[in-house]
Amino acid sequence: MKLVIVAALAVVVIGAVALKKGKTPTESNTSAATAAAPAPGGGSEAKAGPGSTAKLPKLIDLGAGKCIPCKMMAPILAELKRDYADRFVTEFIDVWENPDAGKPYGIEMIPTQIFFDATGKELFRHVGFFGKEDILGKWKELGVDESGGKAAGGIVRETPVAADTRPREAVCFMCDEDIQAKTKTVVKGQSEQRVLCGPHCYFIYLSSIVGADPKAEESKVSVMDWGSGNVVAATAATYLYGMDAKGRPTIKAFADKEAATKEQQSSPGNLLAWDVLRSKELATRCAFCDRAVYPEDACGVKFGTTHGYGCCTHCSVGVAARLKQDIEVEAKDGLTGELIRVKTLDGQIASLEPATAIAWFGQKKGPDGSWMSAGCFKQGFFVNQGNLAKWLDVRPAMTGRQISIAQALSDKMKLSPEQIAKACKLGECK
Ligand SMILES: [Zn+2]
Ligand SMILES: [Zn+2]
């Protein structure tokens with residue numbers, strides 16, 4: 001059999017290599033699998049326990065030592081073989097070195113993974129790179145208890161441990177932080193007003209409105225004069241744009257430019273008019289949802305040779321869905337700030353450091369009783385479940401559930417371009 005790699009670039013994106021000349025990667029699909037070959041690799045004799053000869057389900061990966069997605073699967077297969085030996089058998093066949101061994105499976109692309117039950121019946125096949133979480137998820141779906149009977153034990157909190165008793169006027173509409181009198185920012189609506197913790201949250205708010213007209217919007221905004229606490233139209237104020245000890249911008253508003261200049265002497269920063277402040281604040285955006293972000297608050301996302309930001313951890317993995325590109329995410333543990341690194345390949349997790357890292361999906365109950373996202377400020381990644389539990393301890397009003405980072409990514413990969421265009425927009429966040 002002559003084996004040919006078709007269109008090297010497309011192959012890396014698809015994550016699979018065509019086996020026959022003239023066959024393009026798109027001609028193969030994962031659902032055409034069930035009619036395929038009998039299960040020559042079927043149920044295998046493996047020890048489920050001392051002295052036992054019970055048959056186990058089996059995963060066969062057909063690939064080659066030199067194909068890129070195959071190489072990325074090698075450590076995953078090694079881990080599965082090591083950690084789940086009592087649950088299912090994991091086998092690798094190199095079809096370039098050993099074409100005869102691969103023939104009975106009738107595959108057209110590599111890598112291809114075939115799932116067999118304990119009797120040798122084929123249950124499912126997948127073409128292309130398949131991440132560890134996805135493989136374990138598939139086993140679960142196929143009824144194989146990959147957890148080995150140990151309860152998964154994900155944290156779920158459907159009702160608050162304690163209600164948030166802060167008055168609505170004291171809580172930022174966007175970020176949920178306490179509002180300080182000196183930086184309070186108010187947006188007048190038709191019937192109600194939104195209270196925000198400061199101008200930065202206003203620009204997040206503005207960038208979360210579908211089709212916002214900044215000129216029409218800005219006439220509704222007022223800020224507090226830093227010295228007197230009096231209300232000032234946002235467009236009329238002068239802003240002292242400084243920096244806190246961590247390098248994060250600070251914004252102080254002044255009705256009077258002279259007062260701003262005076263404050264500048266003791267508190268360094270640039271004096272800006274509203275228009276300049278706006279363009280500065282809107283310059284850096286979430287690469288998934290377009291919200292204004294400060295890099296200091298955001299997750300780093302690398303795609304190709306470009307760096308961008310995700311305004312929250314879930315948005316950061318969503319960049320893979322929006323750009324249809326493999327990405328690398330650098331997120332901070334919500335509790336300790338420890339780094340969590342996620343690499344994606346073909347819309348799936350290619351690597352996760354540390355491997356114990358998990359996600360919190362902050363959710364709230366909508367008016368119709370269904371669960372919906374609680375928004376970007378209520379999401380997070382954690383290096384382990386223990387850190388998540390501690391983080392939740394000090395957030396008694398928080399509701400939601402623990403999910404895997406693979407799940408966070410797969411939730412985003414399911415979105416259509418239309419849904420992505422509305423992602424995280426006010427009133428549209430799902
Ligand atoms: Zn806020
Ligand atoms: Zn975002």
Side-chain angles (χ1 to χ4, degrees), residues 164 166-187 193-210 212 221-224 234 244 248-253 277 281-303 307-323 325 327 329-332 334 342 359-362 372-381 395 397-398 405 408-409 411-413 415 417 419-430:
D164 190 344
R166 294 175 297 173
R168 230 173 133 211
E169 291 290 299
V171 181
C172 176
F173 173 74
M174 287 311 290
C175 75
D176 232 21
E177 295 291 319
D178 291 341
I179 288 174
Q180 309 300 327
K182 286 187 153 210
T183 53
K184 180 167 148 181
T185 301
V186 180
V187 187
Q193 61 174 23
R194 307 251 189 250
V195 192
L196 301 160
C197 66
H200 179 55
C201 266
Y202 170 71
F203 290 108
I204 299 175
Y205 171 85
L206 178 66
S207 53
S208 308
I209 301 172
V210 183
V221 188
S222 47
V223 291
M224 302 303 136
D244 70 11
R248 191 175 185 274
T250 57
I251 304 170
K252 296 175 184 174
L277 176 71
E281 282 280 313
L282 295 181
T284 311
R285 303 294 195 100
C286 173
F288 176 69
C289 78
D290 279 332
R291 282 186 179 195
V293 289
Y294 288 160
E296 293 76 16
D297 300 338
C299 299
V301 186
K302 208 172 126 192
F303 35 96
H307 286 265
Y309 300 99
C311 72
C312 71
T313 50
H314 293 222
C315 274
S316 68
V317 290
V319 176
R322 183 178 182 180
L323 301 181
Q325 227 176 310
I327 59 164
V329 170
E330 205 173 82
K332 292 187 192 110
V342 187
W360 174 255
F361 182 24
M372 52 196 262
S373 169
C376 293
F377 287 98
K378 305 272 178 73
Q379 316 302 333
F381 287 177
R395 285 168 180 77
M398 182 75 86
I405 289 174
L409 173 62
D411 287 349
K412 294 288 190 247
M413 295 309 299
L415 300 175
Q419 288 171 313
I420 290 172
K422 286 182 178 177
C424 312
K425 298 294 183 286
L426 292 176
E428 303 280 356
C429 199
K430 294 280 178 336

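In listed order, ligands and their atoms are each counted from 1. Atom set for the values below is all heavy atoms of this structure, side chains included, hydrogens, waters and symmetry mates excluded.
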Visitor: Excluding sequence neighbours, so at least two apart, what forms salt bridge (Lys or Arg N to Asp or Glu O under 4.0 Å) with R395?
Guide: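 With neighbours one apart ignored, the set is empty.
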Visitor: Give me the atom names and distance for the closest heavy-atom approach of C197 to D178.
Guide: CB-O, 4.2 Å
Visitor: Does atom NZ of K182 have more than 12 heavy-atom neighbours, drawn from other residues, nucleotides or ligands, at distances under 6.0 Å?
Guide: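 Enclosed.
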Visitor: Provide the tally of protein N/O/S atoms nearer than 2.8 Å to the Zn ion (ligand 1).
Guide: 4
Visitor: Could you please tell me which protein N, O or S atoms lie under 2.8 Å from the Zn ion (ligand 2)?
Guide: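 Atoms qualifying: C286 SG, C289 SG, C311 SG, C315 SG.
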Visitor: H200 vs Y294 aromatic rings, parallel, tilted or perpendicular, using cut-offs 30° and 60°?
Guide: parallel
Visitor: I'd like to know if the side chain of R322 and the backbone of F288 have a donor-acceptor N/O pair within less than 3.5 Å.
Guide: yes
Visitor: Given the rule in the side chain to side chain contact (heavy atoms under 4.5 Å, CB included) test, do V171 and D176 qualify, once you have shown the distances and angles that lead to the verdict?
Guide: CA-CA 5 Å; V171 181; D176 232 21; 3.4 Å; yes
Visitor: Holding to side chain to side chain donor-acceptor pair (under 3.5 Å), I want the full list of residues that pass it with E177, two or more places apart in sequence or in another chain.
Guide: none
Visitor: Is K184 reaching over with its side chain to a backbone N or O of C172, donor-acceptor style, under 3.5 angstrom?
Guide: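 Such a contact is absent between K184 side chain and C172 backbone.
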Visitor: Report yes or no: does R291 contribute a side-chain atom to a donor-acceptor pair with the main-chain N or O of C424 at less than 3.5 Å?
Guide: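 The answer is yes, because a donor-acceptor pair under 3.5 Å joins these two groups.
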